[in-house]
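Keep in mind the model is a prediction, meaning the values are calculated, not measured. The sequence lines fix the lettering, A, B, ..., with proteins before strands; numbering per chain opens at 1.
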2 protein chains.
Amino acid sequence: MNIRHLTFRLLQVYVTVVRCGSVSAAARQLHLTQPTVSQQLKRLSEAVGSPLFEQHAQGLTMTATGQALYQASRDVLGRFDDFADQLSDLQYGRKGRFSIVLVNTAQYVLPRLLGPFSQAFPDVDVTVHIGNRRQVLARFDRHEDDLYVFSHPPALAHAVAARFMRNPLVAIAAADHPLAQQSSISLEQLLSERLLLREPGSATRMLLDSWLQEQGVSMQKTLQMASNEAIRVGVAARMGVAVLSEHVLPKEHPELAVLPVAGLPIESHWQFIVRSDQRLPQSAQRFLHYVHEHLGHWIEPHFVCNELDGLLATYPTFPLRS
Amino acid sequence: MNIRHLTFRLLQVYVTVVRCGSVSAAARQLHLTQPTVSQQLKRLSEAVGSPLFEQHAQGLTMTATGQALYQASRDVLGRFDDFADQLSDLQYGRKGRFSIVLVNTAQYVLPRLLGPFSQAFPDVDVTVHIGNRRQVLARFDRHEDDLYVFSHPPALAHAVAARFMRNPLVAIAAADHPLAQQSSISLEQLLSERLLLREPGSATRMLLDSWLQEQGVSMQKTLQMASNEAIRVGVAARMGVAVLSEHVLPKEHPELAVLPVAGLPIESHWQFIVRSDQRLPQSAQRFLHYVHEHLGHWIEPHFVCNELDGLLATYPTFPLRS
DNA sequence: GAAAAGTATAGATAATTATCTATGTAAACC
DNA sequence: GGTTTACATAGATAATTATCTATACTTTTC
């Protein structure tokens, strides 16, 4: 027996004949002519190398070989029914996997979207990577992920971006800091304090640097720290002041005060970025649709900046309905 | 996805590509050209309706759909490997089923062959029917069984017969019967006793009737009984004498004596009969070969009459070796 | 015995599959 | 930058599959 001479169609016809108990009835059910079915059975018998039926007074009776083939056929056809079900889930983005990479600060906000999405689509396997700006850009170059989350990204080849959230940078100091008691603070006042900063490659640092450059001023006393969390704790401990994403601050932050510095907050936005030269899995498309529809549920209104329409329009065939 | 556009060949090629990790390596392994494999993958992707691979720096990476297809392909191809194994067993007669019918007396001898055969081939399912001559003939007419065991069968259309064992009919009486003390008995002496008989339709009865007719004598005092066993017990209890198959007698029968009647024993043989117009299952062919080879093991030499060569020659394609 | 029902075979055709050669494109290697 | 390796696409061909119509044969039913 050479499996290459078997076709799924032959198996379908065979199973139908067995179930109907006659060639003619099977032909009717399959909307074929009786000779077609007769010939298909003959071909199948030749492919297997043994008779499949015996002539008996009671009609068609399967041989032992026929019995084994019936079982195998049902198993195989059933297995592909299962696969087709899986396929449906995959195509509707209800199942599958995708990879998303966030710059450090975005880790404070994305779980608020990824969490509910994962609950709504438990069969979607999301891999989350976190890195600084340079690391994220390197991954983009290497096509390593399906979605990238940046604020203020550079102009990247093959990148399609869409904003979904405001990411304002604010100045903070300890709650009992002298500047915290003022109702209005000049930029020079802020810069006379020691600034706690991220490393030069970070998005926050980059944004601050370019903003200060626009204002024609420069920083005087700085202290570089390894993470936003360390900076926040350092400010609370009066090591200095800082300019950080508002998202880094807990909802209640009694030990900290946002300083009303002239010109702040610095406006920036979280953006989803995909590669136009790379396939975006259905599950990732499902996630983007979910974000688009649920931003208002999970994010405070003043942060919402839903510009995902354009990005989603680049995937016109995505099946919104199952 | 339409399963009719999938072929086992496409699945084989796909599984090989995944395992080799590259299109070119798979092509080499399959002794195909690289474009062939590339095209096959494209066809498969179109049949499924989704991409199966993503381009990555590390070479081919399966999509989620590709992963599911790989799994389904392995399951399906493996299922048919199992079927091919089963098929092999079926074709060599190591597995399967057949039906055999015996006339009443043959039940004393066939278990001595069927028993060892069933042990040697535990996956062969044997259905044994027992009936009198008329019942066995009716089943033959209805094509109900694969093998028929007779002694002295009539000329049957489509029947192919082969002797395998002597079935001599002997005269018996109780051990203390006056005739049992004589060294020589005439037929007339025997017939002056009451004869215990089977019903007219039985093989033994038929054989006896025709033999007596040939001798130009006829029975006088008879008593009809329902089974060979009842006759044997009746003879031991001095109800009369009988002419029975020697096989009905236990190995040791101290309460009975075989009478040295002129002209006895009446010679007859057990025969296997198959229908030439009906498929004989491989498993039944395996049984006949087994009997042919092992008669001397399980049956006393003086009963052996192995003429199965001719019958077996009618199945020239039966695979003796696996 | 005639009619109806069921199965098998012959011949034909369109569609599909499996595979090749030729060529192009992209990426990796030296 | 040139060469090698790997994958994709175009075009072509032979083989195979799927199905039909026509017909023959067998069995069942009335």
Peer 1: Heavy atoms within less than 4.0 Å of DNA chain D: which residues of residues 11-20 of chain B have one? Give them sorted by number.
Peer 2: none
Peer 1: Are any of the side-chain nitrogens in Asp89(A) or Arg94(A) under 4.0 Å away from the carboxylate oxygens of its partner?
Peer 2: yes
Peer 1: How many Å lie between CG on Leu6(A) and P on dT17(C), as a whole number?
Peer 2: 16 Å
Peer 1: Measure from CD on Gln34(B) to C1' on dT9(D) and round the result to the nearest Å.
Peer 2: 10 Å
Peer 1: Expressed in angstrom and rounded to an integer, what is the separation of Phe53(A) atom CZ from dG6(C) atom C1'?
Peer 2: 14 Å
Peer 1: Taking atom C1' of dC20(C) as reference, at what distance in whole Å does atom CZ of Arg43(B) sit?
Peer 2: 15 Å
Peer 1: What is the distance, rounded to the nearest whole Å, between atom CG of Leu41(A) and atom P of dT17(D)?
Peer 2: 15 Å
Peer 1: Round to a whole Å and report the spacing from NE2 of His5(B) to P of dT17(D).
Peer 2: 17 Å
Peer 1: Tell me whether Arg286(B) forms a cation-pi arrangement with Tyr92(B), defined as NZ or CZ under 6.0 Å from the six-membered ring centre and within 45 degrees of its axis.
Peer 2: no
Peer 1: Is any side-chain nitrogen or oxygen of Thr36(A) closer than 4.0 Å to OP1 or OP2 of dC20(D)?
Peer 2: yes
Peer 1: Of Ile130(A), Asp145(A), Val149(A), Thr127(A), which meets side-chain contact (heavy atoms from CB on, under 4.5 Å) against Ile100(A)?
Peer 2: Val149(A)
Peer 1: Rounded to the nearest 0.5 Å, how far apart are CZ of Phe80(B) and CG of Leu11(B)?
Peer 2: 11.0 Å
Peer 1: With a 4.0 Å cutoff (strictly under), does any side-chain N or O of Thr33(B) reach OP1 or OP2 of dT19(C)?
Peer 2: no
Peer 1: Is Gln40(B) near enough to dT19(C) that one of its side-chain N or O atoms lies under 4.0 angstrom from OP1 or OP2?
Peer 2: yes
Peer 1: Over how many whole Å does the gap from Glu46(A) atom CD to dT17(D) atom P extend?
Peer 2: 11 Å
Peer 1: Could you state the interatomic distance from CZ (Arg28(A)) to OG (Ser24(A)), rounded to the nearest 0.5 Å?
Peer 2: 6.0 Å
Peer 1: Look up atom CD in Gln39(B) and atom CG in Leu44(B), then write down how far apart they are to the nearest 0.5 Å.
Peer 2: 13.5 Å
Peer 1: Check whether any side-chain N or O of Arg9(A) sits under 4.0 Å from OP1 or OP2 of dT17(D), and answer yes or no.
Peer 2: no
Peer 1: May I ask you to evaluate whether Thr7(B) reaches the phosphate of dT17(C), defined as a side-chain N or O under 4.0 Å from OP1 or OP2?
Peer 2: no
Peer 1: Does the side chain of Ser24(A) get closer than 4.0 angstrom to OP1 or OP2 of dT7(C) through an N or O atom?
Peer 2: yes
Peer 1: Pro35(A) or Arg4(B): which one's nearest nucleotide on DNA chain D is closer to the 5' end?
Peer 2: Arg4(B)
Peer 1: Taking the side chain of Gln39(B) as its heavy atoms from C-beta onward, which of dC7(D), dA10(D), dC20(D) lies nearest to it?
Peer 2: dA10(D)
Peer 1: Counting side-chain heavy atoms from C-beta on, which of dA8(D), dC20(C), dT19(D) comes nearest to Leu32(B)?
Peer 2: dC20(C)
Peer 1: Check whether any side-chain nitrogen or oxygen of Ser38(B) sits under 4.0 Å from OP1 or OP2 of dA8(D), and answer yes or no.
Peer 2: yes
Peer 1: What is the distance from CG of Leu44(B) to P of dA8(D), rounded to the nearest Å?
Peer 2: 13 Å
Peer 1: Identify whether the distance between the nearest side-chain nitrogen and carboxylate oxygen of Glu199(B) and Arg205(B) falls below 4.0 Å.
Peer 2: no
Peer 1: Could you tell me the separation between the NE2 atom of His269(A) and the CZ atom of Arg163(A), rounded to the nearest 0.5 Å?
Peer 2: 4.5 Å
Peer 1: Which comes earlier along DNA chain C counting from the 5' end, the contact point of Leu10(B) or that of Lys42(A), where each point is its nearest nucleotide?
Peer 2: Lys42(A)
